[in-house]
Amino acid sequence: MLPDLFADDRTKLALDPGAWLLGGFALGEASALLAEIARTAQAAPFRHLETRSGGTMSVAMTNCGAAGWVSDRRGYRYTEDDPLSGRRWPAMPPCFRDLARRAAETAGFRNFEPDACLINRYAPGSRLSLHQDRDEARHDAPIVSVSLGVPARFLWGGRERSDRPRRHDLFHGDVVVWGGPARLTFHGIDTLRAAHHAETGDLRFNLTFRRARLPDLA
Ligand code: SIN
Ligand code: FE2
């Protein structure tokens, strides 16, 4: 067998079958993405959602797209309207959809049609504990996750919550795609450490693109 010279190549690093870290994939468009996040947040402000158990998430969230992910005392689900305003979530900017489709394709998932984009904002001390993304109607579409701003430590686990997670640093412009056999892998973000980024100050933003609802049959 040939030696795997590119085993540590971050431009396309296999995390598991069906899961790829695409290092710097979104770097060239990162500023445009941040501008669209700011615009989205004017219509649908970042908020700290309540969990079913009555806690408050340390990560602030908002959404764009036809469906948005929310959490409250009733549990987790997707909604068409922003519960804060009663209006539809802001539309998904075309550059978001385009990036998500290109990243999915690069990871081997053709014709990804995201209808939801969850936007996470992490301040120092924020964390997202290990979880599966399983509130979507079907699990045949991948998840595309875009990192912006200060670096974070991504926890990449297994199919069971108890599987010991591996840790990968995610930097501004990195994209992670997981689907197929990796679609329900447990993942999370370690407590964000204080750091500075020229474009976001001490914040990290993350976009996760999902197919939340059944594709229209028409
Ligand atoms: C998520 O799992 O929804 C977000 C992951 C991240 O912030 O990188
Ligand atoms: Fe997730």
Side-chain angles (χ1 to χ4, degrees), residues 10 13 15-16 18-27 30 33-34 37 40-41 46-49 51 57-65 67-71 75-78 89 92 96 99-100 103-104 107 114-139 141-161 163 165-179 182-193 195 197 200 202-212:
R10 283 189 93 258
L13 182 68
L15 302 183
D16 264 331
W20 299 91
L21 167 56
L22 308 176
F25 189 88
L27 207 46
L33 299 174
L34 286 168
I37 291 173
T40 299
F46 282 99
R47 78 287 309 260
H48 293 272
L49 295 171
T51 62
M57 297 183 72
S58 63
V59 179
M61 297 180 173
T62 186
N63 292 276
C64 61
W69 186 87
V70 297
S71 167
Y76 309 133
R77 65 195 172 280
Y78 283 93
W89 293 107
M92 190 183 298
F96 277 27
L99 165 64
D115 61 353
C117 175
L118 172 65
I119 309 175
N120 293 325
R121 187 186 69 193
Y122 298 75
S126 301
R127 61 189 289 268
L128 195 60
S129 54
L130 275 182
H131 66 277
Q132 294 170 299
D133 292 354
R134 55 179 320 144
D135 302 318
E136 298 72 34
R138 285 185 8 199
H139 296 144
I143 302 286
V144 173
S145 162
V146 181
S147 291
L148 297 165
V150 309
R153 189 146 283 186
F154 186 51
L155 308 175
W156 182 249
R159 285 297 295 258
E160 308 294 334
R161 188 182 297 278
D163 291 338
R166 290 153 279 169
R167 286 168 161 73
H168 297 279
D169 289 325
L170 294 181
F171 300 98
H172 185 63
D174 283 354
V175 178
V176 184
V177 182
W178 62 97
R183 177 62 179 73
L184 291 176
T185 303
F186 277 90
H187 59 280
I189 292 288
D190 232 351
T191 307
L192 197 79
R193 285 189 293 202
H197 188 275
T200 66
D202 62 358
L203 301 176
R204 170 178 188 261
F205 294 92
N206 170 264
L207 308 172
T208 44
F209 295 93
R210 301 105 186 273
R211 179 78 209 182

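Start at 1 and go down the list; that is how both ligands and their atoms are numbered.
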Q: Return the residue, atom name and 0.1 Å-rounded distance of the protein heavy atom closest to atom 1 (C) of ligand 1.
A: Leu128 CD2, 3.5 Å
Q. Can you tell which part of Val59 has a heavy atom less than 4.0 Å from ligand 1: side chain, backbone, both or neither?
A. neither
**Q.** Test of proximity, His131 against ligand 1: N or O pairs below 3.5 Å
**A.** yes
Q. Sub-3.5 Å donor-acceptor pair from the side chain of Gln132 to the main-chain atoms of Leu184, do we have one?
A. yes
Q: Before signing off on this row, confirm whether Ser147 and ligand 1 have an N or O atom pair separated by under 3.5 Å.
A: no
Q. How long is the gap from CG on Asn63 to CD1 on Ile119, to the nearest 0.5 Å?
A. 7.0 Å
Q. Does Arg210 have a heavy atom less than 4.0 Å from any atom of ligand 1?
A. yes
Q.
Between the side chains of Arg210 and Asp135, is the shortest nitrogen-to-carboxylate-oxygen separation below 4.0 Å, so that they form an ion pair?
A. no
Q | Trp178 side chain to Asp133 side chain, donor-acceptor N/O pair below 3.5 angstrom | A | no
Q: Would you name the heavy atoms of Leu22 and Ala103 that are closest together and state the gap between them?
A: CD1-O, 3.7 Å
Q: I would like to know whether Thr185 and Asp163 meet side chain to side chain contact (heavy atoms under 4.5 Å, CB included); could you show each step before the answer?
A: CA-CA 10 Å; Thr185 303; Asp163 291 338; over 6 Å; no
**Q.** Side-chain donor or acceptor of Arg183 paired with backbone N/O of Ala141 under 3.5 Å
**A.** yes
Q) Which protein non-hydrogen atom lies closest to atom 8 (O) of ligand 1, naming both residue and atom, and how far is it? A) Arg204 NH2, 2.9 Å
Q. At a 4.0 Å threshold, what atoms of ligand 1 neighbour a non-hydrogen atom of His187?
A. 2 (O)
Q. Nearest to atom 7 (O) of ligand 1, what protein heavy atom do you find, and at what distance?
A. Tyr122 OH, 2.5 Å
Q: Specify which N/O/S atom of Asp133 comes nearest to the Fe ion (ligand 2), by atom name.
A: OD1
